[in-house]
Each structure stands twice: as structure tokens, then as C-alpha cells.
2 protein chains.
Amino acid sequence: MSESAPETAKNTVREAQTERRVTINDLADALGLTKGTVSRALNGYTDISETTRHRVAAMAETMGYRASAQARAIRTGRAHSIGLVLNVDAGNAHKPFLTDFIDGISRAVSAENWTLTVATAISETDEMATYRRLLDEKKVDGFILPRTRIVDPRVDLLLRANMPFVLYGRTGEMEGCASVDVAGELAMRHAVELLSGLGHRKIGYVGGGAVYNYAPLRLEGFLDGMRRCGLAVDPDLITSGAMTPDEGHALAMRMLTRDAPPTAIVAALDQAALGVCAAAQACGLDVGRDLSVIGYDGIPEGAYARPPLTTFAVDRRAAGSALAGMLLARIRGTRAEDLRQLLEAQLVLRGSHGPPAGDSAALAARIEAATPATA
Amino acid sequence: MSESAPETAKNTVREAQTERRVTINDLADALGLTKGTVSRALNGYTDISETTRHRVAAMAETMGYRASAQARAIRTGRAHSIGLVLNVDAGNAHKPFLTDFIDGISRAVSAENWTLTVATAISETDEMATYRRLLDEKKVDGFILPRTRIVDPRVDLLLRANMPFVLYGRTGEMEGCASVDVAGELAMRHAVELLSGLGHRKIGYVGGGAVYNYAPLRLEGFLDGMRRCGLAVDPDLITSGAMTPDEGHALAMRMLTRDAPPTAIVAALDQAALGVCAAAQACGLDVGRDLSVIGYDGIPEGAYARPPLTTFAVDRRAAGSALAGMLLARIRGTRAEDLRQLLEAQLVLRGSHGPPAGDSAALAARIEAATPATA
DNA sequence: TGCGTCACCGAAACCGGTTTCGGCAACAGG
DNA sequence: CCTGTTGCCGAAACCGGTTTCGGTGACGCA
């Protein structure tokens, strides 16, 4: 009926224009040029006059043209995205590091109009398959490899496929590998030196997951510190494999219920350190006085623990940004060997450390008294 | 010279094969078919005989063929990726939610061989530009919109561009919007009911950022609880704008130094609640006894705070997975109106709440005594 | 005037897939 | 035996860009 009013106001608003994407052909038509010329004008080829270059740029602006990432990628081979594969296999052990890390990466790549492509793997085999998929599908131009292991199959895969990557951490065979890492070994050494300076002589160590590359490094740093300070290393006080509070709790408990307990414990991970503190408190100890604890990572929980945890904080956002920047450089041709960076963790002095309240024997007596006899 | 030994073992290992990607043409050649036929065989067209379909699948398997995501995307229009834009404008207020959230999303999309594309914006205008860029470049097939605001320009943009999206949170005008949200208003109401049941009659409220959609909802939930419990609402005890511990601290301090301080405070965010606890402690109060505090979010710091924070925990991983699943459904054609989900936060009873130790007047006296007179 | 340069742009191939269209052989039905 | 389906596949267009290759007109110079 209302043929005379084919579109009501409502219709105009609703159906509006479907806003079809404007392609390079539309642009070329509007300009009376061929799409090849338009493409070259937009990409800074020298055989285009300054005049038409400006005409094209202006028209592109007003028409809101932006090249399709995939149409471009198919010819240039560049997806303008970097990949990050999360492996949730190892429980939530990756948790504390993720937020700032992703933020750092994403910020760095977004600044150059690239994107970050995230995929999740739920097992080790799935992890490799995921890398292969992203690689074969050409979804990314390079990878950031978190949580490097001592011998890391991902490195083989990517080297063989000639796909750029940067390690967050180091690995056994570094040939062809760019990397950013935080010098955990230095932090561990400094932790010992700090404690030694306060008067501690019996210091225990709670290490992290053995397959990860940082584990031997941090242990070595700890031992190095002991050596430099002239302290004896009690093999029974060197433990490893704690990546959660519970695991840290268990290892610390074993140390503390020995005849000669340590007066200080250094943990390779804050998560473990938190468990160490809990164990000490379960033994009736006052953390920071009876037992000193120093962690590593700088997770937010540490600041709210009682006492607040003294730790070495790593700037994960900075690490992420550095990694992203390096990866872009790597993709653009810089040699892997020229892309290695070692950051330092920052000591955050809080309340879980202090001078020893007594020697190991005195501590043993206190623990004995507080702990309900197990047999 | 050594023409007779053109490649040493080293060379063989090093230069190996460059491992050129195997394309659909390679596959077609190897099979003696045309690429069109191969494509149809792989994509389940019915006009391909079962025999050749199997031949193609087998050969694809052995040759390790996988279709290029972009070459496919250019024709089908599907990038097989969903977008998430992080806005770091609002400081690190987004922090607590990110890790599990991304994990949940990524896990859900990875299960279908899609990916998550992350970009970061550093301001509000940059944010809109980033959405537009991802949209124009066709990098993603849909968006998850975190931190919805009451009036949200992103919704307009995406509706107009006809690009699927799902809100994490709700917004003022929900037409055409799919969404997942956690019913914060319910939690706030339950918090009041819990406190009222313990005997509290003067309860304060510390709200979050006003522009966000959850702010009025949670406040309304709080007021609803007060109403249902027959408690009087003191306007001076209703505050808002706290998204950090410091801001929570400031607001709580103002409430506590009034003539008639509350015996309990409900906070819309754990971050703020943590500040409330600190303020109470600065006033010489024992949180959990002298003042009850209940938060919302379930951030990890809360578990380590002293006393550990009673809160309503939201399962961000589940929310992320739900969002991703819905977005995929939306992209595949489900109506937005059929994609709405309201989750519930889970009450985590810890140590920051309890029955009131006395009435408001008694509390005021204690605070007066503990606080150094300011004038 | 004739010829070589150079600046600038059009035409077309190409990237790696998907999708449409048409043709051929085999087979069934009349 | 002829025709009409049907099953199956080849050929070619197409998606939206990039890049190579030539060709044209203006200009300089002999």
C-alpha cells in the first residue's frame, strides 16, 4: 500500500546500509585507476607520481579502505600476527605469569598493527600439534615460546620449518635461538648473599619443576651463592619439584622436621615459597624471625601474605614486550644470535626475612615442641 | 674442489630441505586430479566418489597438507579466529580477570581449531580504532567485548558493521546483543542477607567504576538486600568509584571516621575490599570481628590477605568458555536473543566476616580512641 | 626530425584456496 | 536404439590483494 513511502524512519535506521567492505577494486574504480596501480601507490612503490599517490591516499581515507589481511597474506606470506601457545597440561602452573605477559606482548605488537594469536593445548602431544597447525595454516609469522624446557621439541620443529621464534627462557642447545630470559640464577645467588649477610648459615633450597630450563640454573645460582659465602651445603636441604603451595609445603615440612633444620629457605618460585611459609607456621614458627623465606617471581599473592613475602620480582610485562619486539626483528631478518637479552629480577624486601633468631639446634627444639609427635 | 662430495653430513643437516609448504596444487598433481576436485573432496561435497575422497584424504595425510587459513579466508570470508581487544587505559583494573578468562576462551576456540586474536588499545579512541582495524582487515569473525559500559560505543560499531559479538556483562540497550554475565546484583543481595543474618544493621557499600554496567546493578542488588532485610539505608554509607585498594581505602576511611560508622562493609570489587580491610586496620579494628568485609571477584590475593577475604568468586574460566562458545554459535547463525546466559558467583566464606562485636556507637568510640586526632 | 630515456601507469599473472558450471560416461527406462 | 538421469570430475571464474612486465607519452639531445 504505502508504495509512496518505501522506507519508514525505522527501516532506514534498521536496515541501513549493509556496509559492504570497500575493496581495492572499489577504490580503483572510484579513482579511475587499476587496482595494481592503487596497490603500488599505497605501498610506496617509486614508479607512482606524487600526485596520484596523494589522490589514492586521500580517496582511501574518505572511503575507509583497509586492505584485507588475508588477501595480502596470501601473496606476501605475512599474516602480521605472532603466535603464543598456552599449554594447560601442567595444571595452573602457568597462571601467575600470564596476565602481564600477554599484556606486554599484545601492547608491543599492537603498536605496529600486528596482532597476537593465542591457542591452547591440553597436553604435550596436543601442544606440538597446535604449533604445527598454526604453522601449516600460516596463521602466524612467528612464535613466542614460553616455559622453555632443557631439551625442547618445539625448537626442533620450528627450526626445521624455518619459522622465526623467540624463547622466553633459555634452553640446552641455543644455536639458532633468539631469547629473552630473566637471570634467575643471579637472584638465587643474591638471596643467599642477603641471608648470609644477616647471619644465616644453614640455608635450604626448594626448587621448581625439573624439566624446565630454569631449574638447574636457579639451583646453580643458589649453590654459587653458598660457595661465595663460604657456607656448607647440606644435600638434604636441597630439594626440587615444587610448583605449587602444597608441594612447597611438603618439601619444607620434611626439611623442618629434620634434626638440623635450616634457619632460612630460598624457593625458586613464589608459589612454593607460600607453601614453605605455611609449613613453617604449622610448625609454630614465626616466619621472618624464626625462619626466613625468600621467593622468586613477584606474584600478587605474595604482597598480601602474612608476613608479606620477600621475593625477587620479574617484570613480566617488560619481558613480554621485549620478546615481541625481538620476534618482529627476527621476522624481519635479524640474526637469532644477535637477539639475546638477559633481564634481572628486582629484589622486593618485605617481611619474610630477617636475622636468625637462633641456631639450627634451637630451632629444632622449638619445632619439636610445637609439632605433635607423629609416632 | 670436492665436486665429488657436494654435500657433507653437516650440510645435509643444516640446509636440509627448506620444507616448502605443500599446497593444494601439489596435492592435486600427486593425485592426478584438479585442485577443484581435491578441494571438494576435502570439504565433503557430495559429488565426489567415496573412493577418490579416501584417496585424497590419505594423500593429504601422508603429504602433510593443511589448507592455508588466509587463502581459504579470502574466499569463504571466515578467518576462523575471534577477537579480544584489551584496553589498558583504565590502569591495571582489568588485571585480575585476564588470566583465567583468556584461558577459558582460548581453550574453547582451540577445541574447534579456531584461534583467539588479541590486540591492545592504550586509550578509548585507540580502542575503537583497534576494533575497526581488526574488522576492516577481516582478521576476526567476531568479538568478545569485556567490561561492558552502560552505553557502549563498541556495540554500535559492531551492529552497524554486522559483525557478530558477545558481551561479557550487560549493557543499556541489549537489542541484538548476545551476552554472558555473572549476576553481581544477586551476590550483593546475598552479602547483605548474610550480614543481616549475623546481626549487622548498619552496612556500608563501596561501589566500583560508575561507567561500567555492573556498577548500578550491584548497587541495586545491595539496596534490594537492605530492603528485603528491613534495614535502613544511610546515604552517607553508599559510595562508589573504587577500583583499586587505595580508592577502597579512601572511601572506607571516610565511612569509618563518621559519627555512626558501619559495622560491615560490602564492596563491589575485591580490589576495593582489600583497601577497606587496610583502612579498618589503620583504625585499629580487627577485620572479621570489629568490622565485617565482604568482597566480590575472588582474586587470588584475597585468599592470602589477613584475615582471608570473604568474597563471591566468579569463575572467569567458565565465563570465557561460555562466551567463546556463544560467539561461535552466533557466527554460525544463532540469533543473538537466543544467546544470553547469567551465571552466579559463588560465595567463599573466609575470615573477614562475622557477627558484630558491638553497635555503631561503640565502634565509633573505639575508632576515635585509635585514630590520632586530626585537628 | 629521429631516437633513446625516463616517468608513469595499465594489463595480466600470481598467491592458494573455494565454488559454479558444464561435460562425459555409465546406466536405466521406454 | 535412443533418450534422460545420475554420478563424477575437469575447467574456469572468483576472492582481494601484490608484483612483474610492457607500453605509452613527454622530454632531452644530436
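Per chain, numbering begins at 1; letters A, B, ... match sequence-line order.
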Peer 1: Tell me the interatomic distance from A:Asn43, atom CG, to D:dT20, atom P, rounded to whole angstroms.
Peer 2: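 Those two atoms, CG and P, are 12 Å apart.
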Peer 1: Please check if atom CD1 in B:Ile122 has more than 12 non-hydrogen atoms from other residues, nucleotides or ligands closer than 6.0 Å.
Peer 2: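 12 or below, so no.
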Peer 1: Counting only side-chain N and O atoms of A:Asn25, is one of them less than 4.0 Å from OP1 or OP2 of D:dG17?
Peer 2: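 So the side chain of A:Asn25 is outside the cut-off, no N or O lying under 4.0 Å from OP1 or OP2 of D:dG17.
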Peer 1: Could you pick out which residue, B:Lys138 or B:Gly32, lies toward the 5' side of DNA chain D when each is mapped onto its nearest nucleotide?
Peer 2: B:Gly32
Peer 1: Categorize A:Ser39 for me: base, sugar-phosphate, or nothing, with a 4.0 angstrom heavy-atom threshold over every strand shown.
Peer 2: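 Answer is base: heavy atoms of A:Ser39 come under 4.0 Å of a base.
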Peer 1: Toward the 5' end of DNA chain C, which comes first, A:Gly36 or A:Glu50, by nearest nucleotide?
Peer 2: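 It is A:Glu50 whose nearest nucleotide is closer to the 5' end.
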Peer 1: Out of C:dT18, D:dG17, C:dG10, which nucleotide sits closest to the side chain of A:Arg40?
Peer 2: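 Among the listed nucleotides, the one closest to the side chain of A:Arg40 is C:dG10.
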Peer 1: Among C:dC8, C:dG10, C:dG17, which nucleotide has an atom closest to any side-chain atom of B:Ala67?
Peer 2: C:dG17
Peer 1: OP1 or OP2 of D:dG17 sitting under 4.0 Å from any side-chain N/O of A:Thr76?
Peer 2: no
Peer 1: A:Asp29 CG to C:dG10 P: how many Å, rounded?
Peer 2: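 Atom-to-atom, A:Asp29 to C:dG10, this comes out as 12 Å.
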Peer 1: When you get a sec, tell me which of D:dG17, C:dT19, C:dA11 is the closest nucleotide to the side chain of A:Thr34?
Peer 2: C:dA11
Peer 1: Please classify the nucleic acid contact of A:Thr23 as base, sugar-phosphate, or nothing, using heavy-atom distances under 4.0 Å.
Peer 2: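 Sugar-phosphate, no base atom in range.
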Peer 1: Could you walk me through whether A:Ser81 and A:Lys139 pass side chain to side chain donor-acceptor pair (under 3.5 Å), step by step?
Peer 2: CA-CA 7 Å; A:Ser81 189; A:Lys139 276 214 161 182; over 6 Å; no
Peer 1: Does the base of C:dC8 carry an N or O that pairs as donor and acceptor with the side chain of A:Asp47 under 3.5 Å?
Peer 2: no
Peer 1: To the nearest angstrom, how far is A:Leu33 atom CG from D:dG17 atom P?
Peer 2: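 So the two atoms are 15 Å apart, to the nearest Å.
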Peer 1: For a quick test of reading the model: is some side-chain N or O of A:Arg72 closer than 4.0 Å to OP1 or OP2 of D:dT18?
Peer 2: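 Yes, A:Arg72 has a side-chain N/O under 4.0 Å of OP1/OP2 on D:dT18.
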Peer 1: Got a donor-acceptor contact below 3.5 angstrom from the A:Thr117 side chain to the A:Gly83 backbone?
Peer 2: no
Peer 1: Measure CG/A:Leu42 against P/D:dG16 and give the value in whole Å, please.
Peer 2: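 For the pair A:Leu42 CG and D:dG16 P, the rounded distance is 16 Å.
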Peer 1: What is the distance from CD1 of A:Ile24 to C1' of D:dT19, rounded to the nearest Å?
Peer 2: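 Rounded to whole Å, this separation is 12 Å.
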Peer 1: Look at all strands and tell whether B:Thr46 reaches a base, only sugar-phosphate, or nothing, counting heavy atoms closer than 4.0 Å.
Peer 2: nothing
Peer 1: Of the options B:Leu323, B:Asp181, B:Thr148, which is the one that meets B:Leu167 in a side-chain contact (heavy atoms from CB on, under 4.5 Å)?
Peer 2: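 The single option meeting the side-chain contact (heavy atoms from CB on, under 4.5 Å) with B:Leu167 is B:Thr148.
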Peer 1: Mark yes when over 12 heavy atoms from residues, nucleotides or ligands other than A:Leu42 sit less than 6.0 Å from its CG; otherwise mark no.
Peer 2: yes
Peer 1: Using whole Å, what does the distance between atom P of nucleotide C:dC14 and atom CD of A:Gln70 come to?
Peer 2: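 It is 23 Å, rounded to the nearest whole Å.
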Peer 1: OP1, OP2 of C:dT18 versus side-chain N and O of B:Tyr45: anything below 4.0 Å?
Peer 2: no
Peer 1: Can you tell me how far P of C:dC9 sits from CZ of A:Arg55, to the nearest Å?
Peer 2: 9 Å
Peer 1: Strictly below 4.0 Å, N to O, side chains only: are A:Arg132 and A:Glu127 in salt-bridge contact?
Peer 2: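 Judged by the 4.0 Å cut-off on N to carboxylate O distance, A:Arg132 and A:Glu127 do not form a salt bridge.
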Peer 1: Whether A:Tyr65 contacts D:dG16 is assessed here as follows: a side-chain N or O lying under 4.0 Å from the phosphate OP1 or OP2. Is that the case?
Peer 2: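 Looking at the OP1 and OP2 atoms of D:dG16, neither is under 4.0 Å from any side-chain N or O of A:Tyr65.
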Peer 1: Are any of A:Arg21's side-chain N or O atoms less than 4.0 Å away from OP1 or OP2 of D:dG17?
Peer 2: yes
Peer 1: Under 4.0 Å between any heavy atoms, over every strand shown, what does A:Thr37 touch: base, sugar-phosphate, or nothing? Just pick one.
Peer 2: base
Peer 1: Specify the separation, in whole Å, of atom CG of B:Asp136 and atom C1' of D:dG16.
Peer 2: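 Rounded to whole Å, this separation is 14 Å.
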Peer 1: Would you kindly compare B:Ile74 and B:Lys35 by the position of their nearest DNA chain D nucleotide and give the one closer to the 5′ end?
Peer 2: B:Lys35
Peer 1: Taking only side-chain nitrogens and oxygens of A:Ser49, does any of them come within less than 4.0 Å of OP1 or OP2 of C:dC9?
Peer 2: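 Answer yes for this pair, as a side-chain N or O of A:Ser49 is under 4.0 Å from OP1 or OP2.
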